[in-house]
Amino acid sequence: MIWTAVGSFEGAPAVWLVLINAVTFCVFGLDKWKARYRAQGGQTRRISERTLFLLAALGGSVGALLGMRVFRHKTLHTSFRVGIPAILAAQLLLLAGYWYFVMR
């Protein structure tokens, strides 16, 4: 069934969105774990905010929002509280425009 979806024009973007949102959600969780580990004296490299925003911009904005809520991560940062929903709104506007002007 997945191979059929990937082979179709409409299915490939749907599979991409599922994958990128799952990856983004997991990366937010991983960064939260790294933040806690580092606070306890561990040495680990955190995931950059640029990477988190990039994953959201590549289609993972829903996964980013869910990751922020579930893991309570980056919720105090104004750039994330405003930026991630703004990315999602822009993606929804692009999708609506595509549907209205191309698919109609």
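Positions are given from 1, in the same order as the sequence printed here. The shown structure was predicted, so the numbers you read here are calculated from the model rather than taken from an experiment.
A distance of 11.0 Å separates NZ in Lys32 from CE in Met68, rounded to the nearest 0.5 Å. Remark: Cys26 SG to Phe71 CZ distance equals 7.0 Å, nearest 0.5 Å. Rounded to the nearest 0.5 angstrom, Leu66 CG and Thr24 OG1 are separated by 10.5 Å. Of the inter-residue distances, the one linking Leu65 atom CG with Phe25 atom CZ reads 11.5 Å to the nearest 0.5 angstrom.
Listed by first then second residue, pairs satisfying salt bridge (charged side-chain N to carboxylate O under 4.0 Å, His left out) with a partner in residues 76-89 number zero, not counting sequence neighbours. Residues in residues 61-72 take part in no salt bridge (charged side-chain N to carboxylate O under 4.0 Å, His left out) pair, two or more places apart or across chains.
Applying the side chain to side chain donor-acceptor pair (under 3.5 Å) test to Ser48 and every residue at least two apart in sequence or in another chain returns Thr51. Listed by chain and number, the residues in a ring-ring contact (aromatic ring centres under 6.0 Å, His included) with Trp16 amount to none (sequence neighbours excluded). Applying the side chain to side chain contact (heavy atoms under 4.5 Å, CB included) criterion to Lys74, with sequence neighbours excluded, gives Phe28, Asp31, Arg46, Glu49, Leu52, His77, Phe80.
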Atom pairs and distances, side-chain donor-acceptor, residues 84-93, under 3.5 Å, sequence neighbours left out:
residue: Gln91; atom: OE1; partner: Ser61; partner atom: OG; Å: 2.5
residue: Gln91; atom: NE2; partner: Ala56; partner atom: O; Å: 3.0
residue: Gln91; atom: NE2; partner: Ala57; partner atom: O; Å: 3.2

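Linking ILVMFWY side-chain heavy atoms closer than 4.5 Å, directly or via other members, places Trp33 and Ile47 in a single hydrophobic cluster. If you chain together hydrophobic residues whose side chains sit under 4.5 Å apart, Phe101 and Tyr98 fall into the same group. Under the 4.5 Å side-chain heavy-atom criterion for Ile, Leu, Val, Met, Phe, Trp and Tyr, Leu19 and Leu30 are members of distinct hydrophobic clusters. Linking ILVMFWY side-chain heavy atoms closer than 4.5 Å, directly or via other members, places Val23 and Val15 in two distinct hydrophobic clusters. The hydrophobic clustering, which links ILVMFWY residues whose side-chain heavy atoms are closer than 4.5 Å, places Leu95 and Trp99 apart.
No donor-acceptor pair closer than 3.5 Å links the side chain of Lys34 to the backbone N or O of Thr44.
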